[in-house]
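Single-structure report; data block below.
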Protein chains: 2
Amino acid sequence: MNHTQLRSFHAVAAEGGFTAASRVLNVGQPTITSQVKALERHFDVELFHRRGRRVILTETGRVLFRIAQRIISLEAEAEDSLNTYGGLQAGHLHVGAVGPYHATEMLSAFRDRYPGIKLSVTVGNSMEMAERILDYSVDVAVLAHVEDDPRIYTMPYSRHPVVVFVNKSHRFAKRRRIRLAEMEGEHMVLRELGSTTRLAFETAIREAGVTIDPVMAIGSREAVWLAVARGIGIGVVSDIEYIPHPDLHTVEVVDADIYTTAHVNCLAERRDARLIRAFFDMAEDLKTRRNVASI
Amino acid sequence: MNHTQLRSFHAVAAEGGFTAASRVLNVGQPTITSQVKALERHFDVELFHRRGRRVILTETGRVLFRIAQRIISLEAEAEDSLNTYGGLQAGHLHVGAVGPYHATEMLSAFRDRYPGIKLSVTVGNSMEMAERILDYSVDVAVLAHVEDDPRIYTMPYSRHPVVVFVNKSHRFAKRRRIRLAEMEGEHMVLRELGSTTRLAFETAIREAGVTIDPVMAIGSREAVWLAVARGIGIGVVSDIEYIPHPDLHTVEVVDADIYTTAHVNCLAERRDARLIRAFFDMAEDLKTRRNVASI
DNA sequence: TCGGACCTATTGGAAAAACCAATGAACCAC
DNA sequence: GTGGTTCATTGGTTTTTCCAATAGGTCCGA
């Protein structure tokens, strides 16, 4: 059975005539005639009684019409559904992030722009996020780290200075700015080796010929924060990630360009998937707006 | 949305791959690829994640698949239904007849051959039957009368001698055969003017130059039968229509070829409608079988 | 009862779609 | 690696769909 034939039949039955059906389907009337006739001939049934210029469903036709109506209605439903997803009025975007800091702004903007899209956020380190991108369990990920993998597409999003933060009793506690050289020999609490912030900081001091004393490496931002609050050492953090604390104080490093860059990542081959493109477009807009605002 | 695309999508989702889908649908694999791709491009959605040689439904794809399954299943139902009607395993045939006499044999044979077809029988006179054929309220009609209407197709079915029947006290009651001339001046109980039996009989006696005395014309076979039983006159009837009665006796007319012919009729343009053709074919078979049996 | 309006059927040819064979590229199991 | 399997791409062919023109019929009102 041909679907065009079924659609023609349905229109004729619904509109009560071949000509009326042809108008509804935007085709010529002979087309309708031949489609319905082909359907009748193929199954060797009569679907309509042609009484002069009136057509009346036969019993067979009535049975078919009931089924056809359900099919047509389901097709409309399918089309609606696809339009809804394609038009970004429904859908589900899985977002990965190494921490909520960079991602929240984007998630909030995305939610405002596409209220119908469900958002799920997975938090994990950069390596985990890269894996999840590759196995489709997240659609986009906001990372500081840049994956060196041709399968992953990366867009720089925002640049954040790395600041030093110290306990209130530390000698830097009264300072607003320091120079890098002043950190020589400082006890420091650092993140684990893979941390992008740590990498940026260590690159900077190595270039400046400064050496520090890494007293502790901890695998969590909050743990570092607490350790510094207790005076175990001083810490470094991306300014956007810094959480105020009564015992803590931040200090700007003036003579070095230490920063981390947040990137939006996705599977390269999915760069143009509807939802993913929408997320990147929105990130692009946020970036531009911030630049304009800062002028 | 194109139906071919939907079918391809459904097969891929159901079979778990493009190649598997192409085998099920008996088309080449490139066809499937292009159909699904076209569907995705048209609505700007992703339906499958292509993970190497494995394909996995996206959320959008899952939603569409559920709808597509229902559509495909309804299409199978529609096709089944049409095959059932086309294969004469279901359907409804409206049969008209002037009396049950000629029709019952055919109805019985038809029911045996096509047990799934519902039969409705409408009884009425020839003129009513002709009208009902023309307005589609009966599909076929078994009549003695031949309609002189080009829109009605007619097939002769069986020829039945017209016999005379008399009351036990009549002078013919002891006879097996009479000649037509012997009926000169007889009191006769006849049917109404339109009766085919009456017409055949009157034509025969006119040709033979015999005149009779029509004492009564009654519009019902049963009424004539009763009138003759009471001795009001003698009657004529098609032998197949004759119903025995203790007070009645049938007499054959040997020197005249008086008979009626049962015809099967239908709307000429519907001669090849499946059910109608089946009825005619069956009538043809019955006729042939009777001729063979009579040799 | 006659003609205009309206409807379905038919036909031949044009436009569009579905389709395939061949081939490429990526992946997986051995 | 290597062969077997899978999806993607390309071009050209076959099939389907479609239309314009037209015929033949019914219906309705003058």
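By convention in this document, chain letters (A, B, ...) are assigned in the order of the sequence lines, proteins followed by strands, and residues within each chain are numbered from 1.
Among pairs with a residue in residues 20-34 of chain B, those fulfilling side-chain hydrogen bond (donor to acceptor under 3.5 Å, both in side chains) read B:Q29-B:T33, at least two apart in sequence or across chains.
Computed from coordinates, the A:H49 NE2 to D:dG25 P distance equals 21 Å when rounded to whole Å. The nearest whole Å value for the distance from the CZ atom in A:R23 to the P atom in C:dT8 is 9 Å. The interatomic distance linking B:I32 (CD1) with D:dT9 (C1') rounds to 16 Å, in whole Å. One interatomic measurement links the two molecules: CZ of A:F18 to P of D:dC18, which rounds to 15 Å at whole-angstrom precision. Between the CZ atom of A:R50 and the P atom of D:dG24 there is a distance of 19 Å, given to the nearest Å. Going from atom CD of A:E46 over to atom P of C:dT8 covers 16 Å, rounded to whole Å.
Within 6.0 Å of atom CZ in A:R54, 12 or fewer heavy atoms from other residues, nucleotides or ligands are found, so the atom counts as exposed in its surroundings. For A:R151, the CZ atom sits in a loose shell: 12 or fewer heavy atoms of surrounding residues, nucleotides or ligands are nearer than 6.0 Å.
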From CA spacing to verdict: side-chain contact (heavy atoms from CB on, under 4.5 Å), B:L47, A:Y85: CA-CA 10 Å; B:L47 296 172; A:Y85 279 91; over 6 Å; no
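Side-chain atoms of B:Q35 and B:L39, non-hydrogen and from C-beta on, never get closer than 4.5 Å to each other. By the 4.5 Å heavy-atom criterion applied to side chains, B:C266 and B:D139 are not counted as neighbours.
In terms of phosphate contacts, A:K37 brings no side-chain nitrogen or oxygen within less than 4.0 Å of OP1 or OP2 of C:dT8. For C:dT8, the OP1/OP2 oxygens have a side-chain nitrogen or oxygen of A:T19 closer than 4.0 Å. Distances shown here put a side-chain N or O of A:T33 below 4.0 Å from the OP1 or OP2 atom of C:dA9.
The side-chain contact (heavy atoms from CB on, under 4.5 Å) search around B:D281 returns B:R277, not counting sequence neighbours.
Between B:H92 and B:H94, the ring planes are parallel. Angles under 30° get that label, and only those over 60° would be called perpendicular. Ring orientation note: the planes of B:Y153 and B:F280 are nearly perpendicular, at an angle over 60° on the 30°/60° scale. Note on ring orientation: taking the six-membered ring where Trp is involved, the planes of B:F279 and B:F110 are tilted (angle from 30° to 60°).
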In 5'-to-3' order, the base (B), backbone-only (S) or no-contact (-) status of each nucleotide in nucleotides 13-22 of chain C, using a 4.0 angstrom heavy-atom cut-off, is ----SSSBBB
Counting primed atoms, P, OP1 and OP2 as sugar-phosphate and everything else as base, the B/S/- map of nucleotides 24-30 of chain C against protein heavy atoms under 4.0 Å is ---BS--
Tell me which donor-acceptor pairs under 3.5 Å the side chains of residues 66-83 of chain B have, and how far apart each pair is, sequence neighbours excluded?
| from | atom 1 | to | atom 2 | distance (Å) |
| --- | --- | --- | --- | --- |
| B:E75 | OE1 | B:H3 | NE2 | 3.3 |
| B:E75 | OE2 | B:H3 | NE2 | 2.4 |
| B:N83 | ND2 | B:E79 | O | 3.4 |

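If you check residues 63-72 of chain B against DNA chain C, you find no residue with a heavy atom closer than 4.0 Å.
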